[in-house]
2 protein chains.
Amino acid sequence: MRVRLEDVARAASVSPKTVSRVLNDEANVSDDTRQRVLAAMQAMDYRPHPSARSLAGHRSFLVAMLYDNNDNPASTYLAEIQDGVLEACDEHRYSMMVRPLRMRSGDFIRRLDALIADHHPDGVVLTPPITDYAPLLKRLREAGVPHASVSPAHRGKGIIGVRMDEQQAARAIVEHLLALGHRRIAHVVGIADHGASRWRLAGYREALAAAGIAEDPVLVVQGAFTFGSGVEAARKLFALKKRPTAVFAANDDMAAGVMWAAGEYGIKVPHDLSVCGFDDIPLARQLWPALTTVRQPAREMGKLAALQLLEVVRDRSPGRLAQVGFSLEVRDSTARVP
Amino acid sequence: MRVRLEDVARAASVSPKTVSRVLNDEANVSDDTRQRVLAAMQAMDYRPHPSARSLAGHRSFLVAMLYDNNDNPASTYLAEIQDGVLEACDEHRYSMMVRPLRMRSGDFIRRLDALIADHHPDGVVLTPPITDYAPLLKRLREAGVPHASVSPAHRGKGIIGVRMDEQQAARAIVEHLLALGHRRIAHVVGIADHGASRWRLAGYREALAAAGIAEDPVLVVQGAFTFGSGVEAARKLFALKKRPTAVFAANDDMAAGVMWAAGEYGIKVPHDLSVCGFDDIPLARQLWPALTTVRQPAREMGKLAALQLLEVVRDRSPGRLAQVGFSLEVRDSTARVP
DNA sequence: TCGCGAATTGACAGCGCTGTCATTTGTGTC
DNA sequence: GACACAAATGACAGCGCTGTCAATTCGCGA
């Protein structure tokens with residue numbers, strides 16, 4: 001039969017309420033008692049019943065991760081974030097629920113309300129690109145549900161979660177190309193209204209400007225974060241009279257598309273063309289030549305965002321926007337200008 | 001304030017217990033009463049409190065999806081299954097929890113026990129490759145937790161879930177190559193102990209045998225379901241004195257690797273070499289030329305598996321192993337033998 | 001119309017925990 | 001050593017629902 005809190009209490013010769021206090025890390029329990037209770041819990045392999053805790057305590061010990069499975073950047077990126085969030089939740093004995101939501105669909109808010117009404121999550125983790133969707137944020141605030149974002153586009157006060165300095169990272173990778181002697185550097189942009197696209201474009205521009213290079217508009221082509229859009233963007237670039245010597249794609253999928261298109265045109269990477277991406281998804285390492293890119297620690301970011309959230313949920317702390325570092329993964333797809 | 005079952009009861013002029021009966025679709029409620037209660041629920045937008053239901057009813061309304069994030073076939077495949085499972089759970093107002101487990105790790109069973117003890121899932125969905133891990137199945141049976149599998153390797157009685165006739169599908173795609181005149185057809189095998197690898201290899205052999213072609217062992221090379229392993233396998237094949245005219249890779253990632261390697265060797269697909277894969281992941285459509293492959297309806301399979309499971313959980317039905325059809329997606333990577 | 005078994009409905013306790021508040025124990029002060 | 005006050009602990013009700021079983025109503029044949 002199941003071990004209940006009452007059983008632990010009896011074993012430790014204290015009242016159930018005291019065991020509850022220990023379980024919830026509350027103050028006003030003597031060290032001696034706390035130890036005794038913890039020992040009893042351990043010995044009996046006590047597992048609190050989440051539903052009972054939730055019912056009596058008016059909290060669910062549940063974190064929901066919201067994502068947009070319709071136009072998400074890349075499913076492997078989300079999967080990594082998911083793993084990170086899950087890890088953080090596990091550590092704090094919270095459970096996690098995932099929730100696909102279609103931002104462009106009419107019932108977005110209704111589905112969000114249903115989630116809240118049905119499951120009462122103690123907090124919510126938002127992933128790109130739904131970190132900045134105003135009606136969503138408004139609704140969460142109204143409902144009093146704390147939320148943390150992975151890579152939010154805005155940095156207003158009250159925004160908690162985790163971010164990476166993507167603009168800085170984009171600038172760094174373009175500077176890497178500049179250092180290799182490239183001057184005609186193209187950029188394949190991501191979906192227009194994603195924060196990621198804006199930052200990466202800004203970083204690209206910043207690097208060029210700092211190097212005193214005027215931006216050539218034909219070298220900035222629109223993509224959509226997909227492999228196919230990378231292929232198409234590259235075809236446009238390769239059709240140019242004066243081709244670029246390097247391409248910085250706003251994510252790895254598109255970079256792979258660029259490399260693929262290069263193959264079509266008989267352009268050798270990196271000999272004739274340097275290509276770099278952003279994110280460092282598993283594919284980047286598997287491509288040949290291996291892709292130079294920026295490592296975005298998605299898993300770690302998911303975990304950190306969830307940890308920020310849990311801090312707010314548990315300790316009523318104000319929470320903060322943590323920042324993670326990036327690293328340039330220089331591999332074989334970039335070389336000195338021909 | 002929250003609408004409770006009691007409030008609905010009052011509005012419908014019945015006892016709380018009767019509302020509960022309606023909520024749980026129990027028998028012995030007159031049609032008239034049922035309608036009245038349902039109307040009241042609707043009008044008041046009543047949402048049962050899952051924790052209260054769980055606590056009182058000794059069930060959790062929770063389905064856990066187990067997966068191996070260490071050596072999983074492909075993360076987009078899992079993501080699709082996850083979406084399908086989620087959809088089925090939503091329809092039946094169950095919640096879903098995801099659970100990464102490392103099959104090769106020592107604490108596998110301990111983590112499984114923790115999952116059961118902590119969350120009491122009413123059922124579990126197993127995804128490849130952990131559909132047939134004996135200690136896991138044993139433990140689930142001991143704990144009395146019903147489980148459904150997506151593509152289980154074995155078909156013993158009591159195995160419920162969903163399968164696709166992968167051998168038949170593999171045979172079909174190889175027959176497609178044969179119909180194009182190919183006789184020297186290579187096969188890149190997946191991870192050895194995965195059911196998927198065995199079936200696909202068996203289908204390959206079956207097709208060759210039926211066509212009266214003796215298997216050439218050098219044309220069957222080992223891969224590991226990853227892009228990189230596809231590249232390496234292809235390099236071995238291209239180093240052969242007598243190259244194959246077609247390659248059937250056991251999944252799309254490896255097929256993409258084969259196409260990539262073909263680029264390295266200046267081999268034109270499909271002119272010089274036909275390539276086909278298996279799964280129809282998004283990448284397949286994005287490759288150039290687009291990849292001929294077998295469509296494995298992962299999302300639908302996840303949904304069906306979950307539906308089978310829920311049937312068992314809710315109606316105590318014995319459950320069955322559903323079967324889904326496959327379809328050959330003939331695209332541009334296969335052509336008549338040169 | 002009456003009686004009887006089946007169908008329908010309801011009363012009530014309790015699932016395992018926590019919030020509230022009362023009670024007990026400890027600590028420092030003069 | 002007595003007192004004031006804070007820290008530690010416990011008693012008890014109740015979170016929102018369902019299981020059990022008793023009570024009531026219904027349908028139908030005699």
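In what follows, every chain begins at residue 1, and chains take the letters A, B, ... in the order their sequences are listed. These values consider heavy atoms only, across backbone and side chains, with no hydrogens, waters or symmetry-generated copies.
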A.B. asks: Taking B:R47's backbone N and O only, do any of them form a donor-acceptor pair with B:R2's side chain (distance below 3.5 Å, no angle check)?
C.D. replies: yes

A.B. asks: Can you tell me which residue pairs pass the ring-ring contact (aromatic ring centres under 6.0 Å, His included) test with a partner in residues 13-41 of chain A, sequence neighbours excluded?
C.D. replies: none

A.B. asks: Using the test salt bridge (charged side-chain N to carboxylate O under 4.0 Å, His left out), find all partners of B:D193 that sit at least two apart in sequence or belong to another chain.
C.D. replies: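 None.
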
A.B. asks: Of the residues in residues 28-44 of chain A, which ones touch DNA chain C at a heavy-atom distance under 4.0 Å?
C.D. replies: none

A.B. asks: Taking atom P of C:dC17 as reference, at what distance in whole Å does atom NE2 of A:H49 sit?
C.D. replies: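 In whole Å, C:dC17 P and A:H49 NE2 are 8 Å from each other.
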
A.B. asks: Roughly what angle, to 10°, lies between the helix axis at the start of the helix from C:dT1-D:dA30 to C:dC30-D:dG1 and the one at its end, five pairs per end?
C.D. replies: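 Between the first-five-pair axis and the last-five-pair axis there is 30°.
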
A.B. asks: In chain order, what residues pass the side chain to side chain donor-acceptor pair (under 3.5 Å) check against A:R10, with sequence neighbours excluded?
C.D. replies: A:E6

A.B. asks: Can you tell me how far P of C:dC15 sits from NE2 of B:H120, to the nearest Å?
C.D. replies: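 The answer, rounded to whole Å, is 15 Å.
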
A.B. asks: With A:R139, which residues qualify under salt bridge (charged side-chain N to carboxylate O under 4.0 Å, His left out), at least two apart?
C.D. replies: A:D113, A:E142

A.B. asks: Does A:R102 pair with A:D68 as a salt bridge, N-O distance under 4.0 Å?
C.D. replies: no

A.B. asks: Please table the atom pairs, donor to acceptor, closer than 3.5 Å between any side-chain atom in residues 123-136 of chain A and protein atoms at least two apart or in another chain.
C.D. replies:
{"unit_1": "A:T127", "atom_1": "OG1", "unit_2": "A:L66", "atom_2": "O", "d": "2.8"}
{"unit_1": "A:D132", "atom_1": "OD1", "unit_2": "A:A153", "atom_2": "N", "d": "2.6"}
{"unit_1": "A:D132", "atom_1": "OD2", "unit_2": "A:A153", "atom_2": "N", "d": "3.3"}
{"unit_1": "A:D132", "atom_1": "OD2", "unit_2": "A:H154", "atom_2": "N", "d": "3.2"}

A.B. asks: Can you list the residues that meet the salt bridge (charged side-chain N to carboxylate O under 4.0 Å, His left out) rule with A:R21, with sequence neighbours excluded?
C.D. replies: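 If we apply the salt bridge (charged side-chain N to carboxylate O under 4.0 Å, His left out) test to A:R21, skipping adjacent residues, there are no hits.
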
A.B. asks: Can a side chain N or O of B:Y46 be found less than 4.0 Å away from OP1 or OP2 on D:dG16?
C.D. replies: no

A.B. asks: May I have all residue pairs that pass salt bridge (charged side-chain N to carboxylate O under 4.0 Å, His left out) and include part of residues 144-155 of chain B, sequence neighbours excluded?
C.D. replies: none

A.B. asks: Sequence neighbours excluded, which residues qualify as salt bridge (charged side-chain N to carboxylate O under 4.0 Å, His left out) partners of B:R36?
C.D. replies: none

A.B. asks: Side chain of A:R4 only, heavy atoms from C-beta on: which candidate in D:dT9, D:dG16, C:dG16 is closest?
C.D. replies: C:dG16

A.B. asks: Rounded to the nearest angstrom, tell me the gap between atom CG in B:L55 and atom P in D:dG16.
C.D. replies: 12 Å

A.B. asks: With a cut-off of 3.5 Å and sequence neighbours excluded, list every side-chain donor-acceptor pair involving residues 297-310 of chain A.
C.D. replies:
{"unit_1": "A:R299", "atom_1": "NE", "unit_2": "A:E87", "atom_2": "OE1", "d": "3.4"}
{"unit_1": "A:R299", "atom_1": "NH2", "unit_2": "A:E87", "atom_2": "OE1", "d": "2.2"}
{"unit_1": "A:K303", "atom_1": "NZ", "unit_2": "A:E87", "atom_2": "OE2", "d": "2.7"}
{"unit_1": "A:K303", "atom_1": "NZ", "unit_2": "A:E91", "atom_2": "OE2", "d": "2.9"}

A.B. asks: A:R2 has a side chain; which of D:dG10, C:dG10, C:dG16 sits nearest to it?
C.D. replies: C:dG16

A.B. asks: Scan nucleotides 18-26 of chain D nucleotide by nucleotide, 5' to 3', and note B when protein non-hydrogen atoms come under 4.0 Å of the base, S if they reach only the sugar-phosphate, - if neither.
C.D. replies: SBB------

